[in-house]
Amino acid sequence: MLDSKNLRENIDTISSNLKKRKFILDKSKFLSIDKDRKEIIVDTENLKNKRNVLSKEIGILKSKNEDAGSILKKVEEINNTLDLKQGLLENAETQYNNFLLDIPNILDDSVPIGNSDKDNKVIKYSNDKNLEILNKNSNFKDHSDIGKSLKLYDQEIAAKISSSRFSLLFGELASLHRAVAQFMINEHINHNGYTEVNVPLIVNSDSLLGTGQLPKFKDDLFEIKNKKDFFLIPTAEVPLTNIFRDIVLLEDDLPVKYTSLSSCFRSEAGSYGKDTKGLIRQHQFEKVELVNGVNPSTSDESLELLVNSAEKILDLLNLPYRKILLCSGDTGFSSSKTYDLEVWMPSQNSYREVSSCSNFKDFQSRRLNAKYKNKISKKKQFIHTLNGSGLAVGRTLAAIIENFQNNNGDIEIPEILRPYMNNSKIIKKSS
RNA sequence: GGAGAGGUGGCUGAGUGGUCGAAAGCGGCACCCUGCUAAGGUGUUAUACGGGUAACUGUAUCGAGGGUUCGAAUCCCUCUCUCUCCGCCA
C-alpha cells in the first residue's frame, strides 16, 4: 500500500512511474475521493466534539442535581445527524482504502521499462560450460523420466494417494531432495547471516493480507474448509514477514534476517496442462525462503546481498543459470524491484525460475504496520521488507537430475552435496 | 475437549458509568545539586490522523468487533489471545 500523503503530494510523479508498469492511475478520482473523505471526517469530528463538550456539561449538572433536559435534547439532535453521517463516512473510507489497495508499488528507478518477460534484462549467465557437455549426451532424458527409470520417482502413485500435481520420491532421490534443502539452509545460516525459523504452515487471513496474497490472489491458495480463516502457506514469506507485523523494532536490531525451510502449497488454478510432468509445478513443494527487515536507507544494498546469497547456492551446486532483472511490466504488484534466478533445464531447452528476490520497500510494512524506532528522530518509521527464495528445492532437484545425468541414466551427485549423502558420488539404478 | 482466571501506557499496577488518555511506582529524558554519592531534587515522558507559521488545538485508541447510554477502560453480547487445573495426545 502506498503512503496516501505521498500520493497526494506527488501524484504526477507517482502516476507516471506507475504508467511504466501499465497501471493507469485515475488522478482526478483519487483527488476527489481523498477530498470527500477528508470533508466528512472533519465534519463528523466537529459534531463529536460538540457532543463531547455537551456530555461533560450534563455530567456537571447532574452531579449538582440540576436539570439537563435542554442539553440532552441538543445532544440527541447531534447524535441523529451523526448517525446519518456515519454511513457516508464508512462509504468514503471503503472507497478510499480500496482505491489505495489496488495501486501497485512504485518502481525503483533502476527497473528497465518493458511490457513482458521478453523485455527483462539478463544481468549475467553463469556456469554455462555444463551446457555443452549436456548437449553431447545422446541418451538425454528429462528429470521425471530419469527418476522413473531409476524407480525412485512416481507421479501416478501420488495421484492415487492425493491427486495430480503431487509426487513421490523414493530412496536416494528422497535423500537427495532432503540433502539439497539441508545444504541450502545451512549455507544461509552459516555464511549469510540468517536466523533459522521454523514456521506455521497454516496462517490466518490477516497474515495473507499483510504480505499481499489477499485479497487479490485468493484463487492461488488452499483454504482449509472446516476451520474458518485458515490457509495453507503458499510460501514461508507469509509467516516470516508477518513476524514483523504490528511490532516496533529498535534501529540497532536492523537488519533482521530470517530463513525458513518449509513446505509450500499452491492451488495452481489457471495453469491446467502446464508443466504437468515432473517436479516443476506441484501443489506441494519445499522452499528455503529468505526474508529481511531492514533500515530504509540500506534496502538497495540488502537486495543485492539477498540475491547474491541465492546465487551462491547455484554456484556451489555448479548449475547453469542466469540472473535477470525484471522489467517494469513483469515486476510483481508489491515489488519495487525484482531479480529472478533461472536455472537451466536441458529437457525444456530453457531457463526456469528457481528464485525471485524482491525489494518491497515500505509497501508491505505499511500494510503490516511494521516499524522501527529511529535513533535520532526517535520517531517510529516503517521498515523496508525484502524476500527471496534461496531456493525452490523441488525445481533445484529437477535441475540437478537433468544437468548431472550420465549417458547411462545415473545421476552424479554434486560434490557439495556428497557430505549430506554419506559421501556417495552417484545415484544408480539398483538391480 | 471440560472448568476457572485474566488481557489497561516502555514495564509493574490502580481504576466498576461522568472534568480519565487514564493514579502510583519503575524505567527513559532534561535540568539542578554535589560530603546522604552504585545517592538526592525538580520537571517531563503514549500512538495515529486532522487544523494552525507557531503557541496550541480537535478526533480516535484501555485485546478485537458490536450493543446499551446524553456520556463506557468501567455495563451487556460475540470473538480472540494468555495463564491455571483436568482430560487427550506427537
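Remember, predicted model here, so these are calculated numbers, not experimental data. Residue numbers begin at 1 in each chain, while the letters A, B, ... track the order of the sequences.
- Whole-Å rounding puts the A:K380 NZ to B:rC49 C1' distance at 15 Å.
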Please write out each protein N/O paired with an N/O of nucleotides 78-81 of chain B under 3.5 Å, distance rounded to 0.1 Å.
none

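- In this structure B:rC33 sits in no base pair that meets the Watson-Crick or G-U test at under 3.5 Å.
- Among the heavy atoms of the strands, none lies under 4.0 Å from A:K73.
- Pairs of residues two or more places apart, or lying in two chains, that qualify as ring-ring contact (aromatic ring centres under 6.0 Å, His included) and include a residue from residues 86-106 of chain A are A:F30-A:F99.
- Rounded to whole Å, atom P of B:rG50 lies 17 Å from atom CG of A:D43.
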Task: Contact pattern, 5' to 3', of nucleotides 54-73 of chain B - B, S or - by protein heavy atom under 4.0 Å - done: ----BBS---------BS--
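- Protein atom CD1 of A:I60 is 11 Å distant from nucleotide atom P of B:rC20, rounded to whole Å.
- In this view, A:F222 and A:H283 satisfy the ring pair (Phe, Tyr, Trp, His ring centres under 6.0 Å) rule, not counting sequence neighbours.
- For the residue pair A:Y153/A:S144, the side-chain donor-acceptor check at 3.5 Å is not satisfied.
- In this structure, the side-chain contact (heavy atoms from CB on, under 4.5 Å) partners of A:I113, at least two apart in sequence or on a different chain, are A:K20, A:S328.
- In this structure, A:D253 atom CG and B:rG10 atom P are separated by 17 Å, rounded to whole Å.
- The phosphate of B:rG51 has OP1 or OP2 within less than 4.0 Å of a side-chain N or O from A:K38.
- In terms of the side-chain contact (heavy atoms from CB on, under 4.5 Å) criterion, A:N52 has no residue partners (sequence neighbours excluded).
- On the C1' atoms, B:rA46 is 34 Å away from B:rG4, given to the nearest whole Å.
- Across all strands shown, B:rA54 remains unpaired; no Watson-Crick or G-U wobble contact has both distances below 3.5 Å.
- Look at B:rA60: its Watson-Crick or wobble partner, with both distances under 3.5 angstrom, is B:rU47.
- Applying the ring-ring contact (aromatic ring centres under 6.0 Å, His included) rule to pairs touching residues 356-396 of chain A yields A:F333-A:F363, sequence neighbours excluded.
- With sequence neighbours excluded, the residues satisfying side-chain contact (heavy atoms from CB on, under 4.5 Å) with A:D3 are A:K5, A:N6, A:R366.
- B:rU69 makes up no base pair with any nucleotide shown, lacking Watson-Crick or G-U wobble contacts both under 3.5 Å.
- For A:E172 and A:K428, the salt-bridge test fails: no basic side-chain N is under 4.0 Å from an acidic carboxylate O.
- Rounded to the nearest Å, the gap between the P atom of B:rG65 and that of B:rU80 is 15 Å.
- Using C1' as the reference atom, B:rU69 and B:rC31 are 47 Å apart when rounded to the nearest Å.
- Here, B:rC62 and B:rG10 have their C1' atoms 16 Å apart, quoted to the whole Å.
- A 3.5 Å limit on both hydrogen-bonding distances identifies B:rG2 as the Watson-Crick or G-U partner of B:rC85.
- For the pair A:K373 NZ and B:rG9 C1', the computed distance is 12 Å after rounding to whole Å.
- B:rA24: Watson-Crick or G-U partner is B:rU12, with both key distances under 3.5 Å.
- Nucleotides B:rU53 and B:rA64 are separated by 35 Å at their P atoms, to the nearest Å.
- One interatomic measurement links the two molecules: CG of A:N369 to P of B:rU47, which rounds to 13 Å at whole-angstrom precision.
- Inspection of the A:N97 and A:T94 side chains reveals no N or O donor paired with an N or O acceptor under 3.5 Å.
- Taking the C1' atoms as reference points, B:rU8 lies 7 Å from B:rA73, given to the whole Å.
- B:rG18 atom C1' lies 13 Å from atom CD1 of A:I71, rounded to whole Å.
- B:rU37 and B:rG41: their C1' atoms are spaced 14 Å apart (whole Å).
- Contacts of A:S271 classified as side-chain contact (heavy atoms from CB on, under 4.5 Å), with partners at least two apart in sequence or in another chain: A:R165, A:E268, A:K274, A:R281.
- Between A:D142 and A:K277, at least one side-chain N (NZ, or NE/NH1/NH2) sits under 4.0 Å from a carboxylate O, which counts as a salt bridge.
- Spacing between B:rU12 and B:rG52 at atom C1', rounded to whole Å, works out to 39 Å.
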